[in-house]
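A quick write-up on the structure given underneath.
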Amino acid sequence: MEDLRRDVTCGELRAGDEGRTVTLNGWVHRTRDHGGVHFLNIRDRYGITQVVVAEDAPAGLQRATETAKLEYCVAVRGAVRRRPDDMVNPEMATGEIEVSAGQIEILSPCATLPFMIEERSEAREETRLKYRYLDLRSFSMQRKMALRSEVTFRIREYLRGRGFHEIETPTMIKSTPEGARDFLIPSRLHRGKFYAMPQSPQLYKQILMVSGFDRYFQIAHCFRDEDARGDRQLEHTQIDIEMSFVSKEDVFELVEGMMAHTFRRALGRELEIPFPRLAYHDAMNRFGSDKPDLRFELELGDASEVAAGSGFRVFEDTISGGGSVKALVVPGGARLSRKQIDELEGVAKTYGAKGLAWTKIGEGGLEGGISKFVGEKEAEIRSLGAATGDLVLFVADRWNTACIALGAVRSRLGRDLDLIDRDRFAFAWIVDFPLFEWDEENGTWEAAHHMFTMPQEQYIDSMEDDPGAVKGDLYDLVCNGYELASGSIRIHNPELQQRIFDIVGFSREEAENRFGFLMEAFRYGAPPHGGIAPGLDRLLMILAGEESIREVIAFPKTTAGISPMDDSPSVVDERQLEELGIRIVETEEEHS
RNA sequence: GGGGGCGUGGUGGAGAUGGUUACCACGCCGGCCUGUCAAGCCGGAGGUCGCGGGUUCAAAUCCCGUCGCUCCCGCCA
């Protein structure tokens, strides 16, 4: 190897390098054997270079050339020469030249491939994950990993420039069972006790504020033992940020600057800042989602005028029962088929709607669906913004359910009718979230975000009177229909914290047991503070134009939490379990 | 926990109203070919059609179950 170490990469040679003797190291990307002359395309991270072996090459070189199959790792030494004018390949960065091989050495052979290494692999994801090391050789994956590296670098660059310290917090911490399920780590030294993997560095970063690190960040791994999705992994990375002596305006300004910097440097794109803001209630009411996709218009309307006195029982009963009738006008939607509308109804039902009512506005009045019930209400329907040729969809239910169900229909229409501007990054802050949510099952108030969120000032005095009305100093950053970040201003006052615990029915003993150290810390001059945590994987997914975060994670797990390459999780030695004092109990099902 | 989609040589797909030897492309092996760049041409090997059971004279195809991947609901402070 010593004398065949590369002195150029496979992406850099140009016409000006003509005459140089160079050595390339890389993988055989394609071979073309013409009987006499022989071509090898050699690939590395940086590109592809064509190597030519002449028909009159020495026998040893011919043999090596014929041995070198796809994805063999090879070293090639030869002379750079310009290709004849009519042989130039304008598609290739190195297409003006080729390397005339004088020596080819096989550094490592390659078994028959499970799939071709192409710009973007066509193999099914299962196979790609099993052979992830091969999948990652593709330029498409290499680019995404490079983007990831670039983005984390630019974020660090920006935050360091703004005076932030990067501080690591432990990945083995105390379990705090509310919220998502914890991953647990058994302790050998303390049998029967467990560490937990952090769902986020939340408590530590607040402690760091007490310690006076008024600007902290960390690219932190977070773990949640919940079912995965396209935008959710058991293990993900967040850009954890916390600041002292700030209001949410400071957090917004920081994150807007960070995003603008990152998009400019990593993508060469300018973002429009500041980002628009939308109250939670308005986001739900207008878009039917707390993470609306703002790349297209299509807003939900209020159809109580249509419902009132319509004689349509479903609508009237909903209104008199305190619910809402929400409407969605689909411009030109009258051409949608019955089947397409049925599909939309299926979407609405998935989200809890009992049905999806509809009417089309024809030349001569309302047509189809519930027209015979609301036929007298054409004026009211038109005042929702509907015109001839439009389809109007309705969901009647509790306000929340009606919004969410119709919001899901809106998203579906955005895709199906191609309303989405794919080239846009539509950021927005969602603000004024309720601090508490009523838990039907347990009949209790629960923290909507987490229990350390500061209530907005005007609600503090009378919080206990109507917890449902209290809005919190918390905020989400959304982009293109994804929740990109979530944060809040925190409570730094133990008395106020205790009142929150009381409202959510959290006993003093429980609070002491779980968060005692934080409450204790807050007794020692805790600064007002707040922060946010953008999800790095989702950010990268959006930057890369992907629809799954698995595409921007080098070694992701499947939705069932399995790593097909190394086959984790796996059974462990009986001896390991014994040391930990753990016995596996079979469930009834596994017995039978 | 629930619903939808998918599972066919190494890879991706076709075959689905049951019927002889399961088709195509790429890859692999062999041969031909002085300039290609997704090279081309000729030939060849390679499959218990995810797995188990059932219906039938006969199952990739129909039925039941099960496993895996995936999308969605729930869940994810």
Side-chain angles (χ1 to χ4, degrees), chain A residues 29-43 48-57 66 69-71 83-92 94-95 98 100 110-119 121-131 134-135 176-182 199-200 202-203 222-234 236 343 346-353 404-405 408 411-412 433 435-437 439 441 446-453 472 474 483 486 488 500 504 506 514 533 535 547-548 550 557-562 564:
Chain A
H29 188 64
R30 290 282 135 83
T31 64
R32 291 177 296 281
D33 174 5
H34 285 260
V37 69
H38 209 122
F39 300 99
L40 298 178
N41 281 1
I42 308 300
R43 185 199 70 240
I48 295 177
T49 297
Q50 171 165 289
V51 170
V52 194
V53 180
E55 66 278 12
D56 56 358
E66 278 161 31
K69 299 283 165 49
L70 291 191
E71 295 306 312
R83 297 192 193 182
D85 282 348
D86 51 341
M87 305 295 172
V88 165
N89 184 346
E91 309 280 302
M92 283 173 86
T94 60
E98 60 194 4
S100 177
C110 178
T112 301
L113 294 163
F115 50 80
M116 296 287 284
I117 313 299
E118 289 170 311
E119 165 59 28
S121 176
E122 283 175 2
R124 62 172 52 222
E125 195 176 4
E126 216 172 332
T127 314
R128 289 175 56 206
L129 290 183
K130 177 158 186 196
Y131 301 94
L134 295 178
D135 189 41
T176 53
E178 56 287 324
R181 211 173 283 117
D182 278 334
Q199 294 177 27
S200 80
Q202 185 63 36
L203 301 181
C222 304
F223 308 86
R224 291 175 191 181
D225 188 5
E226 299 290 347
D227 290 358
R229 286 281 175 77
D231 63 349
R232 254 157 52 189
Q233 282 265 304
L234 300 182
H236 75 282
E343 270 180 35
V347 172
K349 281 182 167 172
T350 307
Y351 288 81
I404 288 173
S411 299
R412 175 64 173 270
F433 281 89
L435 192 60
F436 302 103
E437 275 169 358
D439 183 352
E441 258 179 61
E446 291 205 331
H449 183 56
H450 61 56
M451 290 188 284
F452 314 113
T453 301
L474 68 120
E483 180 191 314
S486 192
S488 65
I500 300 283
V504 301
F506 211 60
R514 290 180 192 174
E547 291 189 345
S548 160
R550 293 187 297 272
K557 294 183 174 51
T558 66
T559 49
I562 283 165

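Note that this is a predicted model, so its numbers are computed, not measured. Order of the sequence lines sets the chain letters (A, B, ...), proteins ahead of strands, with each chain counted from 1.
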Summarise how protein sits on nucleotides 1-8 of chain B as a single string, 5' to 3': B when a protein heavy atom is under 4.0 Å from the base, S for sugar-phosphate-only contact, - for no contact.
-> B----SSS
Which nucleotides of nucleotides 24-30 of chain B have their base under 4.0 Å from a protein heavy atom (B), which only their sugar-phosphate (S), and which neither (-), written as one string 5' to 3'?
-> --SSSS-
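In this structure, A:Glu226 atom CD and B:C76 atom P are separated by 6 Å, rounded to whole Å. Atom P of nucleotide B:U11 and atom OH of A:Tyr131 are separated by 7 Å, given to the nearest angstrom. In this structure, the CD atom of A:Glu66 is 13 Å from the C1' atom of B:C32, given to the nearest Å. Across the protein-nucleic acid pair, A:Asp33 atom CG and B:G35 atom C1' stand 12 Å apart, rounded to whole Å. Distance CG (A:Asp231) to P (B:C71): 9 Å, rounded to an integer number of Å. The distance between atom NZ of A:Lys130 and atom P of B:G10, rounded to the nearest whole Å, is 12 Å. Atom CZ in A:Arg30 sits roughly 13 Å away from atom C1' in B:U36 (whole-Å rounding).
Separating the C1' atom of B:G13 from that of B:C6 is a span of 13 Å, rounded to the nearest Å. Nucleotides B:U8 and B:U55 have their P atoms positioned 27 Å apart, rounded to a whole Å. Across B:U61 and B:C51, the matching P atoms stand 11 Å from one another, rounded to whole Å. The P atoms of B:A59 and B:U20 are separated by 12 Å, rounded to the nearest whole Å. When the P atom is compared between B:C29 and B:G46, the two are found 15 Å apart, to the nearest whole Å. Remark: the separation of the C1' atoms in B:G53 and B:G12 is 31 Å, to the nearest Å. Remark: the separation of the C1' atoms in B:C24 and B:G47 is 15 Å, to the nearest Å. Between B:A38 and B:G68, the distance separating the two C1' atoms is 32 Å to the nearest Å.
Remark: B:G44 base-pairs with B:C28; criterion is Watson-Crick or G-U wobble with both hydrogen-bond distances under 3.5 Å. Across all strands shown, B:A59 forms no Watson-Crick or G-U wobble pair with both key distances under 3.5 Å.
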Between A:Arg232 and A:Glu226, is a salt bridge (charged side-chain N to carboxylate O under 4.0 Å, His left out) present by the stated rule, with each step listed?
-> CA-CA 9 Å; A:Arg232 254 157 52 189; A:Glu226 299 290 347; over 6 Å; no
Decide side chain to side chain contact (heavy atoms under 4.5 Å, CB included) for A:Thr127 and A:Asp135; before the verdict, give the C-alpha distance in whole Å, the side-chain angles of both, and the deciding distance to 0.1 Å.
-> CA-CA 9 Å; A:Thr127 314; A:Asp135 189 41; over 6 Å; no
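Within 4.0 Å (heavy atoms only), A:Ala228 reaches no atom of the nucleic acid at all. Across all strands, A:Gly35 comes closer than 4.0 Å to base atoms (heavy-atom distances). At a threshold of 4.0 angstrom between heavy atoms, the contacts of A:Thr176 with the nucleic acid are absent. Among the atoms of the strands shown, base atoms are found under 4.0 Å from some heavy atom of A:Glu55. Across all strands shown, A:Arg224 has heavy atoms under 4.0 Å from base atoms, whether or not it also approaches the sugar-phosphate. As judged by a 4.0 angstrom heavy-atom cut-off over every strand, A:Ile562 is placed among residues touching the sugar-phosphate backbone only. At the heavy-atom level, A:Glu71 lies nowhere under 4.0 Å from the strands shown. Looking at heavy-atom distances under 4.0 Å, A:Gly230 makes contact with sugar-phosphate atoms alone, never a base.
Contact between the side-chain N/O atoms of A:Arg32 and the OP1/OP2 oxygens of B:A39 is found at a separation under 4.0 Å. Look at A:His34 and you'll find a side-chain N or O under 4.0 angstrom from OP1 or OP2 of B:G35.
Comparing A:Ala448 and A:Ala123 by the nucleotide of RNA chain B that holds the closest heavy atom to each, the one mapping nearer the 5' end is A:Ala123. For the pair A:Met92 and A:Glu547, nearest-nucleotide mapping onto RNA chain B gives the more 5' position to A:Met92.
Across all non-hydrogen atoms, the minimal contact from A:Phe115 to A:Arg128 is CE2-CA, 3.9 Å. Considering all non-hydrogen atoms of both residues, A:Arg32 and A:Arg30 come closest at NH1-CB, 3.9 Å. In plain terms, the two heavy atoms of A:Thr176 and A:Asp182 that are nearest each other are N-OD2, 3.3 Å.
Side chain A:Asp225 to base B:C76: no donor-acceptor pair is found below 3.5 Å. Checked by distance alone, A:Glu126 brings no side-chain donor or acceptor within 3.5 Å of a matching partner on the base of B:U70. One can find a donor-acceptor pair under 3.5 Å joining the base of B:C76 and the side-chain atoms of A:Arg232.
The 12-atom threshold is not exceeded at CD of A:Glu122, counting heavy atoms of other residues, nucleotides or ligands nearer than 6.0 Å. Around atom CG of A:Asp56, more than 12 heavy atoms belonging to other residues, nucleotides or ligands sit under 6.0 Å away.
In this structure, the ring pair (Phe, Tyr, Trp, His ring centres under 6.0 Å) partners of A:Phe433, at least two apart in sequence or on a different chain, are A:Tyr280. Partners of A:Glu71 under the salt bridge (Lys or Arg N to Asp or Glu O under 4.0 Å) rule, at least two apart in sequence or in another chain, are A:Arg43, A:Arg137. With sequence neighbours left out, the salt bridge (Lys or Arg N to Asp or Glu O under 4.0 Å) criterion links A:Glu91 to no other residue. Under the rule for a ring pair (Phe, Tyr, Trp, His ring centres under 6.0 Å), the partners of A:Phe452 that lie at least two apart in sequence or sit in another chain are A:His450, A:Phe515.
Both geometric conditions, a ring-centre gap below 5.5 Å and a plane tilt below 30°, are fulfilled for A:Phe39 over the base of B:U36.
Here the CD-CG distance, from A:Gln199 to A:Asp225, works out to 9.5 Å after rounding to the nearest 0.5 Å.
Across B:U36, B:U11, B:C75, the shortest atom-to-atom separation from the side chain of A:Arg83 is found for B:U36. Checked against B:C73, B:G35, B:C33, the side chain of A:Gln50 finds its nearest nucleotide in B:G35. Comparing B:C76, B:G12, B:C72 against the side chain of A:Arg229 picks out B:C72 as the nearest. Counting only heavy atoms from C-beta on, A:Arg550 has its side chain closest to B:U70 among B:U70, B:C72, B:U11.
Note on A:Arg124 versus A:Glu126: salt bridge recorded, some NZ/NE/NH1/NH2 to OD/OE distance being below 4.0 Å.
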